Structure formats: structure tokens, C-alpha cells
Amino acid sequence: MTAPAAAAAASAAPQTGLRVGVRIPPCDRADRLVASVRRAEELGFDQVWFPDSQLLWRDVFTVLTAAALHTERIGLGTAVTNLVTRHPAVVASAARSVAELAPGRFTLGVGVGNSSVGPVGLRPSTGAALREGIGLLRALLAGHEWDFGGVRSRLRDPRPDVPIHMAASGPRNLRLAGEVADGVILLSGASPKTLSGATARVREGAETAGRTDEAVPLTVSAFCAVTDDVEKDARTLKPICASIAQNGGAPFLALAGIELDVPAQVEGVYPDLVHAEDWDAAVTICSEWVSDEAALRFAQEFCLFGTAQEITERLRELHATGVSGVFLQHVGSYDLPTELIEGVGATVLPALRPGAVR
């Protein structure tokens, strides 16, 4: 990007204080993904987040390296990597390497590792393991020694300015994130009903550590679609609804009046409901348990599905509750969110800029 183009991109970014990001799955060659990242930067997005799952997508740090080398302004982050398939020392080295190429732009997002650990027969991180792992990451990135079972080692050329954000949804991990992380990625959707409880748990953790609310920025993850026909497009969310019901999310869904009875195993979907390779087939299969009406209620309560004006107002409301950032997801894992980037970039981001007519 040329200097004038970079300046134009910077001026295009919304200045409301709410950081608007987009999730780009590493579903293609790194050099091809860069074009989507550059387009997001040109349209004024603040951040691009890349998920990490070694069997589903390309290596996340390879993709981040390519993105860092071909962008100027936009923030880059993992949403999220894990400390099970990747040893924390390996993550620290990879994070340092990306941060060197994108000074002040990289955020290391970590979580329990569901889509990475499950396909290889491992268990997600416990809270205790995450606490220790984040402590290890922070120590190594700061240049301190760490005792690895009697062997004391440190990271050469450390990078102490890498913020570590933790993804969380359950109350224990929300408190833990508020206590130990530099920021929290909230996996409870865009519903005020769930966000109030989630932010309260983060606040409790922050208070335990003697920190203020402002010291722990909150980023909300939400499925998003700019559409004039929410009822039609909401059907694509059926596998997401079914997965939540499978994994103990009945109280979460009940907030929108959704009651589902989904079996523990759903045949015909690989590798899982959230990351189904054949999404249309997964929607059809999940229609046995998730009605069109339930999918619509889910979209309206927990997602950002609607017209550009409706999404803009929802984002303003989120920011007013203390949320500092959002990252928007399209439905699907193996195609680029081109339509989402173009739709939000052309209609929502301009409406968020100072002076925009409401």
C-alpha cells in the first residue's frame, strides 16, 4: 500500500471509539487471503481476526506474516489460537515474530482450543492450564526466564508490547480472563441479555486482580449479515443453534425463547456442526431440530443480521454498554467473507463515522 493509500485508509476508519473487525478464516493460500485483508483495510475496518485450527485451515501465523507484510494500518490478531496443540513457548516465538512485522498492530488471542484439540483427540485447556499458559506467554514476551521443569530458559529478542486477549463464554473463564488477560473476546453473541452477565463476570475477575474495567477491553464476536430478508438468511444459522444446544447452551438459547433437543451425535456432518464442510447439507440436517422460527429468533437476539441501519444502531448500542470492539463473522468456514466485508464496509462503517447522518 502506498503512503497516500494508507493515509486514506486510516481516515476511512470509523472514529466512534468502537473498533470494528472481521473474521477471515485461513481457508486459502496465504497470498490469496492477503487481498481480502487489504480490502478490509481499504474500507476502514480496524481489525482482522484469524481463527486457528491446524486441520481445518492454513497455518495461522503464516497467514498473519503475509498479512503483516502487505498492510499498513489494520490490526491483526488470532481469534483464537490455543496452548495445547501449540506449546506456549512456540506461541510466544510466533507472536513475537508477527509483532516485529506489524508493530503495535498484533493481538494474540488465546482460548481453550476446541476446533484444534477435538479433531486430534486432545482435551481443551482447563482454567488452570490457561492461567499458567498466559503467565508463561507474558513472561517470555517480556524477556523473563521461565522454569520448564527444572530447565530455566528465556526468549531471545522478546516483544513485551504484544497484548494477550482471552476468549471466554462460561462464568469461570470470564472471571479468569478479567483477572489475567489484557482483553477479553466475548463468545456470548450480541444480545444485551447475555452481555450484561458476561461483562459482570469479567468485572469480577478484574476486581480480584485490582484492575479497573477500563483496563480490560471487551471485544464481542457476532455473526453478521447485511440483509433486507433476515427471515430467509437466518436459516443458515441452524447448525450454529444446534451446536449450542449440543454443548450445554440451553439456558443461553432460552433467553430468546428457543428450546431445542439436539442429539449428542449428528450424523452426516464433518467435522462438526460449526465447521461443516457442506453447510447447505448441515442446514438441511439440522432443520429436523431447529425450525425456521427458532433460527430467526437466534439471528434477532444474538446476531447482527439486518439492514445497514439496523446493524449500525446495534453497534452503537453495544459500544454504549462498554464494549470496545466487535469482530463480525460470516456463516461458513471455507470461503472468504467477501460479501460481509463489502456490505459492512460500504454501508455500516460510513454510518459510524463522526458527522454521519443518523
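Predicted model only: the values in this text are computed from it and were never measured.
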Spacing of [X] atom [atom1] and [Y] atom [atom2] [to the nearest 0.5 Å]:
| X | Y | atom1 | atom2 | result |
| --- | --- | --- | --- | --- |
| R156 | S93 | CZ | OG | 12.0 Å |
| L108 | L141 | CG | CG | 7.5 Å |
| R314 | T312 | CZ | OG1 | 11.5 Å |
| E231 | D292 | CD | CG | 7.0 Å |
| T219 | Q47 | OG1 | CD | 7.5 Å |
| R23 | S221 | CZ | OG | 8.0 Å |

Same cluster or not: [X] versus [Y], using hydrophobic residues (I, L, V, M, F, W, Y) connected whenever any side-chain heavy atoms lie under 4.5 Å apart?
| X | Y | answer |
| --- | --- | --- |
| L64 | L101 | no |
| V112 | L137 | yes |
| I74 | L43 | yes |
| V60 | V34 | no |
| V80 | V220 | no |

Taking side chain to side chain contact (heavy atoms under 4.5 Å, CB included) as the criterion, tell me which of D182, L218, V184 meets it with H165.
D182

Picking from C27, P26, S116, what satisfies side chain to side chain contact (heavy atoms under 4.5 Å, CB included) with P51?
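Only one option passes, and that is P26.
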
pair [X]-[Y]: side-chain heavy atoms closer than 4.5 Å:
| X | Y | result |
| --- | --- | --- |
| L56 | H275 | yes |
| L174 | L186 | yes |
| C286 | P239 | yes |
| V84 | R123 | no |
| D46 | R73 | yes |
| S191 | L255 | no |
| V98 | F61 | yes |
| R138 | P160 | no |

Shortest non-hydrogen contact between [X] and [Y], atoms and distance:
| X | Y | value |
| --- | --- | --- |
| I240 | W279 | CD1-CH2, 3.8 Å |
| G127 | L176 | O-CD2, 3.4 Å |
| A308 | V226 | N-CG1, 4.0 Å |
| H330 | L336 | NE2-C, 4.0 Å |
| C241 | V290 | CB-CG1, 4.1 Å |
| A40 | V48 | CB-CG2, 4.1 Å |

With the threshold set at 4.0 Å, does a side-chain nitrogen-carboxylate oxygen contact exist between [X] and [Y]?
| X | Y | answer |
| --- | --- | --- |
| D59 | R86 | yes |
| R159 | D161 | yes |
| R38 | E41 | no |
| R211 | E179 | no |

When you measure from the side chain of [X] to the backbone N and O of [Y], does any donor-acceptor pair fall under 3.5 Å?
| X | Y | answer |
| --- | --- | --- |
| N247 | S243 | yes |
| T194 | A190 | no |
| Q246 | P263 | yes |
| E310 | T307 | yes |
| S53 | S115 | yes |

[X] atom [atom1], neighbour heavy-atom count above 12 within 6.0 Å:
| X | atom1 | result |
| --- | --- | --- |
| E145 | CD | yes |
| D261 | CG | no |
| F148 | CZ | yes |

Measure from the ring center of F252 to the ring center of F302 and say whether it is less than 6.0 Å.
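Yes, the ring centres sit under 6.0 Å apart.
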
Give the intermediate values and the outcome of side-chain contact (heavy atoms from CB on, under 4.5 Å) for residues W289 and V266.
CA-CA 11 Å; W289 308 285; V266 174; 4.0 Å; yes

Going by distance alone, is a donor N or O of one side chain under 3.5 Å from an acceptor N or O of the other, for R105 and T71?
yes

As a quick check of understanding, evaluate side-chain contact (heavy atoms from CB on, under 4.5 Å) for V63 and T65, giving each step before the final call.
CA-CA 5 Å; V63 170; T65 298; over 6 Å; no

Take I134 and M166 through the test side-chain contact (heavy atoms from CB on, under 4.5 Å) and record every step on the way to the result.
CA-CA 9 Å; I134 290 174; M166 179 178 154; 3.9 Å; yes

Given side-chain contact (heavy atoms from CB on, under 4.5 Å), test F298 with I258 step by step and report yes or no.
CA-CA 8 Å; F298 182 81; I258 302 170; 3.8 Å; yes

Passes side chain to side chain donor-acceptor pair (under 3.5 Å), T236 versus D233? Steps please.
CA-CA 6 Å; T236 64; D233 290 332; over 6 Å; no

Of T81, T78, T85, the residue whose pairing with D52 passes side-chain hydrogen bond (donor to acceptor under 3.5 Å, both in side chains):
T81

